[in-house]
Amino acid sequence: MGTGNEEVLRCPKCQASLIKVLESRHTTDNVVSRRRQCHSCDHIWGTVEASLEASAFCYRDRGGKRTDGRRRADFGVKLEVVDKITGAIKSEH
């Protein structure tokens, strides 16, 4: 059961959230490529899911606080990790 804070995958064409997976492939040891289709508009697109080590992420304290009291920060994936993943995907195609 989710906490209610998760992002919902939506169709990039019509923004509907009812999506089905047409095909899944393990492109490398830690990367899965999926072809998806929207139930509302039948649009087909691809997604990539990667399992990353904790060292692949970066955090930057921006200082101050948000309106909800939490600290302001940027959190994301290091650029060299993104380059490595996209390079592996491109080499397959």
Side-chain angles (χ1 to χ4, degrees):
M1 181 65 99
T3 62
N5 295 330
E6 295 91 4
E7 290 288 325
V8 175
L9 182 64
R10 296 191 179 275
C11 172
K13 187 174 179 183
C14 75
Q15 300 302 307
S17 61
L18 190 54
I19 308 298
K20 68 179 175 181
V21 174
L22 300 175
E23 178 182 17
S24 294
R25 289 187 182 186
H26 290 271
T27 53
T28 65
D29 289 341
N30 61 347
V31 177
V32 178
S33 297
R34 300 190 196 280
R35 282 183 56 231
R36 299 178 183 269
Q37 184 174 24
C38 176
H39 280 275
S40 296
C41 70
D42 290 327
H43 179 66
I44 296 174
W45 75 100
T47 59
V48 178
E49 301 168 28
S51 176
L52 303 173
E53 299 289 329
S55 61
F57 296 95
C58 55
Y59 173 86
R60 180 179 61 146
D61 189 344
R62 293 174 45 202
K65 295 202 178 206
R66 297 174 7 160
T67 57
D68 61 6
R70 295 186 294 166
R71 296 192 58 75
R72 290 176 98 42
D74 291 328
F75 180 77
V77 179
K78 294 178 181 174
L79 185 57
E80 60 266 20
V81 175
V82 173
D83 290 342
K84 183 178 177 183
I85 293 169
T86 54
I89 294 166
K90 286 179 182 177
S91 68
E92 270 208 4
H93 299 287

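As a basis for the values below, the full set of heavy atoms in this structure was taken, side chains included, without hydrogen atoms, waters or symmetry mates.
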Would you mind writing out the side-chain donor-acceptor pairs for residues 10-22 within the sub-3.5 Å range, not counting sequence neighbours?
{"unit_1": "R10", "atom_1": "NH1", "unit_2": "Q15", "atom_2": "O", "d": "3.1"}
{"unit_1": "Q15", "atom_1": "NE2", "unit_2": "C11", "atom_2": "O", "d": "3.2"}

Contacts table for residues 46-58: side-chain donor-acceptor under 3.5 angstrom, sequence neighbours left out:
{"unit_1": "T47", "atom_1": "OG1", "unit_2": "R36", "atom_2": "NE", "d": "2.8"}
{"unit_1": "E49", "atom_1": "OE1", "unit_2": "R34", "atom_2": "NH2", "d": "3.3"}
{"unit_1": "E49", "atom_1": "OE2", "unit_2": "R34", "atom_2": "NE", "d": "2.6"}
{"unit_1": "E49", "atom_1": "OE2", "unit_2": "R36", "atom_2": "NH2", "d": "2.9"}

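The ring-ring contact (aromatic ring centres under 6.0 Å, His included) search around H43 returns W45, not counting sequence neighbours. In this structure, the side-chain contact (heavy atoms from CB on, under 4.5 Å) partners of D68, at least two apart in sequence or on a different chain, are R66, R70.
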